[in-house]
Amino acid sequence: MGLAKFTKTGLAWCVRLKNIFSREKPESPTCQSTSIGGSSASEQNRFSLPSPLSRPPANWLTWPVTRTRFTQRVVVVEPTESAPERHADIFNETLTYLLAPQPGLLDPLQPVRSFFPFEQFDLITFPEGFLPGEGLCAFLAAMSTFPPMGCIHVGLRPTSGGKSHMFSVAELTSLIDRIKKIAGIILADLDPFCQWLSNNSYRKELINLGCFFTKDADGATRVCLHPKNVRSRWEFSRREEAQMLEADLLSLVTLRPRDARLLSITIQPLLCSDMLILDRESPNDGPIHAITSEASCFGSSPPDHVDIVTVALCSPQAGVADAIDGPPSFWNQSYLDSFERSSREEPRHRYAMFVLANFSSFPGTTGPTGGLSGAYVPLPLRASDPFPESTTVFDFGRLKSSDAMGSNNNWEIVKAKRPRTARETLGHIVSISPVSQPSSVAATMFSFTLQRLPREANFWRGVQGITSCHLHSLLLDQPSGRYRFETRGDR
């Protein structure tokens, strides 16, 4: 009887469980084929969960350019402070100086002006959260009158008056609509970014945005919008609508010279902490490592190598009390680690030059708490004439002496800006010295020439690295509100 009663009870439970699990269940939102409450298919997709094995989307653009030489002329602009109301003026004055400089007077009393050639550049980089959206649109519209030119990389912000440098989805959508109405823009360049934005249009978080653009060999205006992928510690918030959205969009631009004797150049535009080795919400790798680990997202023939990583920064740097022959400031260790890892471990970034632009100081601080705008070059630092006094030079290497055998490579500030014959180096950084500036200096412009990109360097003939350094100060006349550039005497 006991066994029969247990068997009868067990069968009853089986019947109950069968009835529960056999009830009709609603389909998963990812599988629904009919509309819910009249919503469109695109609105339903916002409830879809990404596949655990999903790849980040690719934003890989190819532009024809009029490159005429192997050298690279690079310009970085370091504003003295983060003052959004001045950013558009600094941007416009810098580009006017480079693209359409005013001729100088032979004599202030004579109407005849001397010829003043403009300074050619291949790349110019500004800081993160710098140019207001309306300033970008105004400049893109004016580019219709420009000849083919070098590339410009700048971090964007919604307006010059708001406190946040990040965009809401609505603000970003409005900016894209304005860009699409500008004559001469190749709209197809915006498609990968617009597709990514459409897939995230329901998100409430803010988007940190950068823009990389140029005028190509055909006279068309080319624009690459790229979101920030790695959130910094200052972009977290207790409120969802104030926190930065970590994007998963990998952006690359390949420049193909019309002159077939010159090699193509692939550039990766990043924003600040994108270049650092930090934890992310997504299991996908950060932008630098993902170019290799997620290379399949670029199709069957991804680019073999990234030649230049241009980084728009807004980041304090570390202080060093025993700095030699220079100001007490040093690169934050996390940036140095990224330089080393890229050259040592990343197959597609092994010979990548990093170009960085930062603010010199930040609100609420005294003195140069940022700065160090310049370039990291993974080439030996040859013993030669010194760099300008207004620059700070770091090298990565070790002494050649027998006492140093087996010692580890390390970063050091180069004494008197002069490379040392006794030290064996693997890479080096040349940047603007972080010194306190007079209130009349709105920004510092550092321009230099790289004789060959590291991938093209000829070690048989000797590697020259960075040459032809120039430093200019952008001065603001307070009473008149006018700007003018002044060449520093130690260029």
Side-chain angles (χ1 to χ4, degrees), residues 25-60 128-129 132-133 136-137 155-159 162-181 187-211 223-251 269-274 278-287 290 294 297:
K25 291 190 271 187
E27 295 183 5
S28 166
T30 59
C31 302
Q32 289 177 344
S33 57
T34 59
S35 61
I36 302 175
S39 61
S40 64
S42 62
E43 291 174 330
Q44 296 174 39
N45 288 338
R46 71 182 192 177
F47 299 106
S48 302
L49 294 176
S51 165
L53 300 178
S54 63
R55 302 285 185 188
N59 182 21
W60 183 20
E128 178 186 29
L136 173 68
C137 292
L156 301 180
R157 60 187 308 114
T159 66
K163 292 183 178 180
S164 177
H165 62 284
M166 296 184 286
F167 292 77
S168 66
V169 171
E171 289 172 329
L172 191 45
T173 302
S174 174
L175 175 62
I176 293 174
D177 289 341
R178 282 182 286 164
I179 292 176
K180 287 183 175 181
K181 294 177 182 178
L187 298 181
D189 288 342
L190 300 173
D191 287 347
F193 178 82
C194 290
Q195 181 60 51
W196 172 84
L197 182 62
S198 175
N199 293 340
N200 290 274
S201 60
Y202 67 96
R203 304 292 291 266
K204 295 181 180 179
E205 298 101 321
L206 300 178
I207 297 169
N208 195 343
L209 185 67
C211 184
V223 179
C224 171
L225 295 176
H226 64 99
K228 192 173 183 178
N229 288 29
V230 181
R231 187 187 297 126
S232 72
R233 58 179 175 174
W234 291 282
E235 290 165 328
F236 286 88
S237 176
R238 304 293 185 189
R239 297 180 296 115
E240 182 182 23
E241 63 275 12
Q243 177 159 282
M244 192 200 90
L245 170 66
E246 283 195 331
D248 260 324
L249 181 65
L250 301 179
S251 299
L270 298 178
L271 294 174
C272 204
S273 53
D274 279 343
L278 300 175
D279 290 335
R280 304 179 65 241
E281 291 181 356
S282 167
N284 293 328
D285 292 314
E294 307 290 354
C297 73

Is there a side-chain contact between L175 and C137, using heavy atoms and a 4.5 Å cut-off?
yes
Residue pairs, two or more places apart or on separate chains, that pass salt bridge (Lys or Arg N to Asp or Glu O under 4.0 Å) and touch residues 169-178:
none
Using atom types as modelled and distance alone, determine if a side-chain donor or acceptor of R280 lies under 3.5 Å from a backbone N or O of V230.
no
Does W60 reach the side chain of P192, with side-chain heavy atoms less than 4.5 Å apart?
no
Just verifying a value: how many Å separate D285 CG and L250 CG, rounded to the nearest 0.5 Å?
9.5 Å
Testing the basics here: between S282 and D248, what is the closest heavy-atom pair and its distance to 0.1 Å?
OG-OD2, 3.0 Å
For S164 versus R157, what's the shortest heavy-atom pair and its separation?
O-NH2, 3.6 Å
Could you give the distance from OG (S251) to CH2 (W196), rounded to the nearest 0.5 Å?
9.5 Å
Reference residue K228; test salt bridge (charged side-chain N to carboxylate O under 4.0 Å, His left out); the match among E205, E128, E246:
E128
Indicate yes or no for a side-chain donor-acceptor contact from N59 to the backbone of L225 under 3.5 Å, with no hydrogens or angles considered.
yes
Hey, what do you get for OG (S168) to CG (L245), rounding to the nearest 0.5 Å?
12.0 Å
Considering only heavy atoms from C-beta outward, does the side chain of V223 approach that of F193 to under 4.5 Å?
no
Check for a donor-acceptor pair, side chain of D274 on one end and backbone N or O of G286 on the other, with a separation under 3.5 Å.
no
To the nearest 0.5 Å, what is the distance between CG (L270) and CG (N229)?
8.0 Å
Is it the case that N199 and Q195 place a side-chain donor and acceptor less than 3.5 Å from each other?
yes
What heavy-atom pair brings G210 and L271 nearest, and what distance separates the two atoms?
N-CD1, 3.6 Å
Do C224 and D189 touch side chain to side chain, with heavy atoms closer than 4.5 Å?
no
Could you pull out the closest heavy-atom pair between S198 and S201, with the gap in Å?
O-OG, 3.1 Å
Restricting to ring-ring contact (aromatic ring centres under 6.0 Å, His included), what partner residues turn up for H226, sequence neighbours left out?
H153
T173 side chain vs V169 backbone, donor-acceptor pair below 3.5 Å:
yes
With side chain to side chain contact (heavy atoms under 4.5 Å, CB included) as the test, would you mind laying out the steps for M244 and S273 before giving the verdict?
CA-CA 12 Å; M244 192 200 90; S273 53; over 6 Å; no
Can you measure from CD1 (I176) to CZ (F167) and round to the nearest 0.5 angstrom?
9.5 Å
Side-chain heavy atoms of P227 within contact of N208, under 4.5 Å:
no
